[in-house]
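Report on one structure; see the data block that follows.
Here is how names work: the chains are called A, B, and so on, in the same order as the sequence lines, proteins then strands, and each is numbered from 1.
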There are 2 protein chains.
Amino acid sequence: MYSVNMKAEHLHQLIWMSRPLMQAAEACVEAGLIGTNLTVRMRAVLEMLNKYGAQTVPEIAARLEIKRQYVQIMCNETLASGFTEQRANPRHKRSPILALTDHGRTLIEEIISREMKLVEEIGGNLSKEDIATALEVVLAVTDSLKKRAGDRE
Amino acid sequence: MYSVNMKAEHLHQLIWMSRPLMQAAEACVEAGLIGTNLTVRMRAVLEMLNKYGAQTVPEIAARLEIKRQYVQIMCNETLASGFTEQRANPRHKRSPILALTDHGRTLIEEIISREMKLVEEIGGNLSKEDIATALEVVLAVTDSLKKRAGDRE
DNA sequence: GTCAAAATGACATGTATAGTGTCAATATGA
DNA sequence: TCATATTGACACTATACATGTCATTTTGAC
């Protein structure tokens, strides 16, 4: 049937649009960081701290799904630049809690607010139903792909 | 309004699902390449040759939107592995046309066919309308983001 | 036909974003 | 208390590109 092939073809296209989409999104984020002394990976740390509160490096790594050794480097950069500071961790003396400084908080909130404004502009032409549908499809597809990637006979 | 925020939030989520989606898709492709002597980047070359016919390295690079110097390396690997061969190029004597060998063609067609079957399985639960909607949204969003990335005051 | 400009392959080097492995110090929990 | 786990720090590796350069054609404008 023609429609069956169209469906698979659209899905195929959708899956492989993920790369251009990601690249375009990252380029936007990067462009928005010009002028600040933030890098994209430092921004990711600040975003986690802003969204989920002060936390340890391994916690941030778990949320970002990146190995803690690399996240450690990212976090150290935010410390060196004064966007974050260490606080005593009552639960673990060797693993201090990373917290936003006032400077860091102000900056990340402004950046996220600007990004959100951009997202709203982009969503201008699109209906909220279509966006919700798109998100559901993408979530379902990602989930399916993740399940299939592991088990190969 | 609540719904306005939900819309932006869904769109935000959709945009940032692009990375997990891409990673999951690439993991699947990689898993499907086990046993063949193909790498992901060699697969990309064969796919272009299969889809658009025999062509030169710079042409492949343009289609993949990757610098020709890197594509040259990818193509040389496919040559070394016997998946492709060089043919005289009447239009340019220094730039031979890269063509699939029988072996290469058989292999890439089988791989793509298996991948398409997987896509169809994944699409099983989803309606063709929703998939079409998702693709339209993603295309529109990518387009918007690409336009915004460049022009910053 | 000539000649400057562009295209091409080859090679060397650089960079961003991670993954992997290891170690010592310390913390935790049975 | 003591085996086990966690953490920070550091070194090394890997992937997927980008960048720059060079010599060799090739092309196109005149």
task = Check whether the side chains of A/E59 and A/T56 place a donor and an acceptor atom closer than 3.5 Å, and report yes or no.
result =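 There is such a pair (donor and acceptor under 3.5 Å, judged by atom type) between the side chains of A/E59 and A/T56.
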ask   = SG of B/C75 to CG of B/L98: how many Å apart, nearest 0.5 Å?
value =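 CG of B/L98 is found 5.0 Å from SG of B/C75.
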task = Using a 4.0 Å heavy-atom cut-off across all strands, classify B/V57 as base, sugar-phosphate, or nothing.
result =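 The residue B/V57 makes sugar-phosphate contact but no base contact.
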message = Please confirm whether the shortest side-chain N or O distance from B/N76 to OP1 or OP2 of C/dG9 is below 4.0 Å.
response =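 For C/dG9, OP1/OP2 do not have a side-chain N/O of B/N76 under 4.0 Å.
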key: OP1 or OP2 of D/dA16 under 4.0 Å from side-chain N/O of A/R19   =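 Answer is no, no contact under 4.0 Å.
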Heavy-atom check, side chain of A/L21 versus side chain of A/W16, under 4.5 Å =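 A/L21 vs A/W16: side chains apart.
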key: Of the listed nucleotides C/dT17, D/dT21, D/dA9, the one nearest the side chain of B/R68   =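 My answer, after comparing the listed nucleotides, is D/dT21.
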ask   = Out of C/dT17, C/dG9, C/dG19, which has the shortest distance to the side chain of B/Q72?
value =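 Shortest atom-to-atom distance from the side chain points to C/dG9.
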What is the distance, to the nearest angstrom, from the [atom1] atom on [X] to the [atom2] atom on [N]?
X	N	atom1	atom2	value
B/I97	D/dT26	CD1	P	14 Å
B/K67	D/dT21	NZ	C1'	15 Å
B/E26	D/dT15	CD	P	13 Å
B/L79	C/dA10	CG	C1'	14 Å
B/M22	D/dT15	CE	P	15 Å
A/E59	D/dT6	CD	P	13 Å
A/N89	C/dT28	CG	P	8 Å
A/M74	D/dA9	CE	P	15 Å

message = Any side-chain to backbone donor/acceptor pair from A/S81 onto A/T78? Under 3.5 Å, distance only.
response =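 Side chain of A/S81 to backbone of A/T78: no pair is present.
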key: Side-chain donor/acceptor of B/K7 to backbone N/O of A/E129, under 3.5 Å   =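 Checked: no pair found.
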request  = Would you kindly compare B/Y70 and A/S95 by the position of their nearest DNA chain D nucleotide and give the one closer to the 5′ end?
outcome  =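 Its nearest nucleotide being more 5', the pick is A/S95.
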key: Contact nearer the 5' end of DNA chain C, comparing B/Q86 with A/V40   =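 The residue closer to the strand's 5' end, by nearest nucleotide, is B/Q86.
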query = Considering only heavy atoms and no angle criterion, is a donor-acceptor pair shorter than 3.5 Å present between the side chain of A/Q69 and the base of C/dG19?
reply =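 Check fails, no donor-acceptor contact within cut-off.
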ask   = Would you say the base of C/dT8 and the side-chain of B/R94 have a donor-acceptor pair closer than 3.5 Å?
value =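 Side chain to base: pair found, below 3.5 Å.
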